[in-house]
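To start, the structure itself, in structure tokens.
FYI, side chains are in, hydrogens and waters are out, and symmetry mates aren't considered; it's all heavy atoms of this structure. A quick note: this is a predicted structure, and the numbers were derived from the prediction, not measured.
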Amino acid sequence: MIDLDLRYGSGAWEGLRTECIISDFVLPMCSPDYRDRLRSVSDDPVLQFAQARLIHSVKALYQWDVWLVVHNIDPPTEQAPLRFDRSSMAIQLARDGAGIVLDSATLAQEELERGSLVPLSTAFEVVEFPAYWIVCPSRHINRRPVRLFTDWIRMEGTKFDQSARALLEKLGCRLRLAKDGEPGLR
């Protein structure tokens with residue numbers, strides 16, 4: 001018997017009680033060297049995309065096609081797009097200087113803290129939306145172990161969100177909540 005689960009997603013799991021414990025913070029990130037190469041092409045971050053290679057995390061909730069439309073940016077004409085089903089692989093490739101990844105600052109927090117990944121530009125707002133959830137059948141929520149774990153993970157989630165926000169602010173990023181019904185949030 002499973003008492004509860006921690007899930008990444010939209011929070012729409014029919015028949016289950018859901019509570020968001022951590023938000024996701026999505027932004028274009030790359031290595032400092034890659035950012036500097038793009039800046040040598042143009043000071044305009046929008047124009048930099050014409051020369052950029054995009055790294056796709058195909059299971060992420062927020063995808064490049066949506067992000068580019070929201071920012072009115074034409075997608076670069078890529079010879080061979082880089083697509084990965086694991087964010088860790090996409091983040092690693094961006095860290096290695098292969099392109100720009102649109103992914104989670106939550107997952108890349110250590111790389112952002114060390115400076116091995118940087119925001120492409122602070123001109124683009126970081127999109128915040130609920131993404132990490134405690135999920136369980138409603139009847140399980142009053143079980144003592146579930147309640148104790150839920151209280152603990154909620155507190156840890158709050159601390160993590162606060163540290164992610166502080167890091168992004170330190171990097172000069174501005175946050176915006178995803179708009180209700182914004183495309184890309186499946």
Side-chain angles (χ1 to χ4, degrees), residues 1-29 54-71 73 75 81-95 100-113 117 119 124-169 173-186:
M1 173 188 289
I2 297 173
D3 287 319
L4 61 86
D5 192 12
L6 297 174
R7 292 185 184 175
Y8 174 76
S10 65
W13 293 285
E14 194 172 318
L16 295 173
R17 182 188 179 281
T18 61
E19 177 184 345
C20 181
I21 54 164
I22 298 176
S23 293
D24 214 348
F25 303 94
V26 174
L27 70 155
M29 300 174 281
L54 304 185
I55 302 169
H56 302 264
S57 291
V58 298
K59 291 187 178 180
L61 292 176
Y62 208 102
Q63 296 290 318
W64 272 119
D65 59 341
V66 173
W67 190 92
L68 292 168
V69 167
V70 166
H71 291 88
I73 298 173
L82 300 171
R83 299 183 189 284
F84 296 92
D85 68 347
R86 299 283 185 273
S87 285
S88 60
M89 294 165 69
I91 289 168
Q92 175 67 45
L93 203 57
R95 193 175 86 197
I100 307 168
V101 67
L102 180 69
D103 215 310
S104 170
T106 302
L107 297 178
Q109 187 166 352
E110 286 182 29
E111 289 85 351
L112 289 166
E113 286 172 345
L117 277 181
F124 304 117
E125 295 173 318
V126 176
V127 180
E128 177 185 355
F129 56 91
Y132 297 89
W133 304 81
I134 294 175
V135 178
C136 69
S138 294
R139 67 184 182 281
H140 291 195
I141 198 63
N142 290 323
R143 292 182 178 167
R144 187 172 189 275
V146 171
R147 198 174 59 251
L148 290 173
F149 181 81
T150 300
D151 290 347
W152 172 78
I153 200 75
R154 186 182 301 121
M155 187 174 56
E156 292 300 310
T158 299
K159 284 193 253 181
F160 190 85
D161 268 359
Q162 289 170 347
S163 81
R165 287 175 203 283
L167 172 61
L168 291 166
E169 288 175 17
C173 297
R174 294 169 292 123
L175 302 173
R176 79 163 172 85
L177 291 174
K179 298 175 182 92
D180 208 20
E182 186 169 357
L185 302 179
R186 305 179 225 159

Inset, instruction - Locate the shortest heavy-atom distance separating Asp103 from Met29; write the atom from each residue and the value. - result: O-CE, 3.6 Å
Inset, instruction - Assess the side chains of Arg95 and Gln92: does a donor N or O sit below 3.5 Å from an acceptor N or O? - result: yes
Legend entry - Non-hydrogen side-chain atoms of Leu167 and Gln109 separated by less than 4.5 Å: yes
Legend entry - Exercise: identify the closest heavy-atom pair between Pro28 and Trp67: CG-CZ2, 3.4 Å
Legend entry - Gap separating the CG atom of Leu117 from the CG atom of Leu112, nearest 0.5 angstrom: 5.5 Å
Legend entry - Trp133 side chain near Ile21 side chain, heavy-atom distance below 4.5 Å: no
Inset, instruction - Identify the heavy atoms of Leu16 and Pro137 that sit nearest to each other, and give their distance. - result: CD2-N, 3.7 Å
Inset, instruction - Determine whether Leu82 and Leu54 make a side-chain contact, defined as any pair of heavy atoms from C-beta on separated by less than 4.5 Å. - result: no
Inset, instruction - Compute the ring centroids of Phe124 and His71, then answer whether they are less than 6.0 Å apart. - result: yes
Inset, instruction - Supply the atom-to-atom distance Cys136 SG to Ile141 CD1, rounded to the nearest 0.5 angstrom. - result: 4.0 Å
Legend entry - From Lys59 atom NZ to Phe84 atom CZ, the distance as rounded to the nearest 0.5 Å: 14.0 Å
Inset, instruction - Find the distance between CG (Leu68) and CD1 (Ile73) and round it off to the nearest 0.5 Å. - result: 6.0 Å
Legend entry - Close side-chain approach of Leu27 to Leu102, heavy-atom, < 4.5 Å: no
Inset, instruction - Take Arg176 and Glu128 through the salt bridge (Lys or Arg N to Asp or Glu O under 4.0 Å) test and state the conclusion after the steps. - result: CA-CA 6 Å; Arg176 79 163 172 85; Glu128 177 185 355; over 6 Å; no
Inset, instruction - Would you check if Val135 and Arg17 make a side-chain contact, meaning some heavy-atom pair closer than 4.5 Å? - result: no
Inset, instruction - Could you tell me the separation between the CG atom of Leu175 and the OG atom of Ser23, rounded to the nearest 0.5 Å? - result: 9.5 Å
Legend entry - Minimum side-chain heavy-atom gap Val127-Phe25 below 4.5 Å: no
Inset, instruction - Could you tell me whether the side chain of Asp24 reaches within less than 4.5 Å of the side chain of Tyr8, counting heavy atoms only? - result: yes
Inset, instruction - Taking all non-hydrogen atoms of both residues into account, name the closest pair between Ser104 and Tyr132 and its distance. - result: OG-OH, 4.0 Å
Legend entry - Nearest atoms (heavy-atom pairs only) where His140 meets Asp3: ND1-O, 3.2 Å
Legend entry - CG-OG1 distance between Asp161 and Thr106, expressed to the nearest 0.5 angstrom: 7.0 Å
Legend entry - Where His56 and Ala90 come nearest, the two heavy atoms and their spacing: O-CB, 4.4 Å
Inset, instruction - Could you check if a side-chain atom of Ile153 sits within less than 4.5 angstrom of a side-chain atom of Phe160, using non-hydrogen atoms only? - result: no
Inset, instruction - Keeping the roles fixed (side chain from Trp64, backbone from Ile55), state whether a donor-acceptor pair exists under 3.5 Å. - result: yes
Inset, instruction - Check the angle between the aromatic planes of Phe149 and Trp152 and answer parallel, tilted or perpendicular using the 30° and 60° thresholds. - result: tilted
Inset, instruction - Taking atom types as modelled, find out whether Ser57 and Gln63 have a side-chain donor-acceptor pair closer than 3.5 angstrom. - result: no
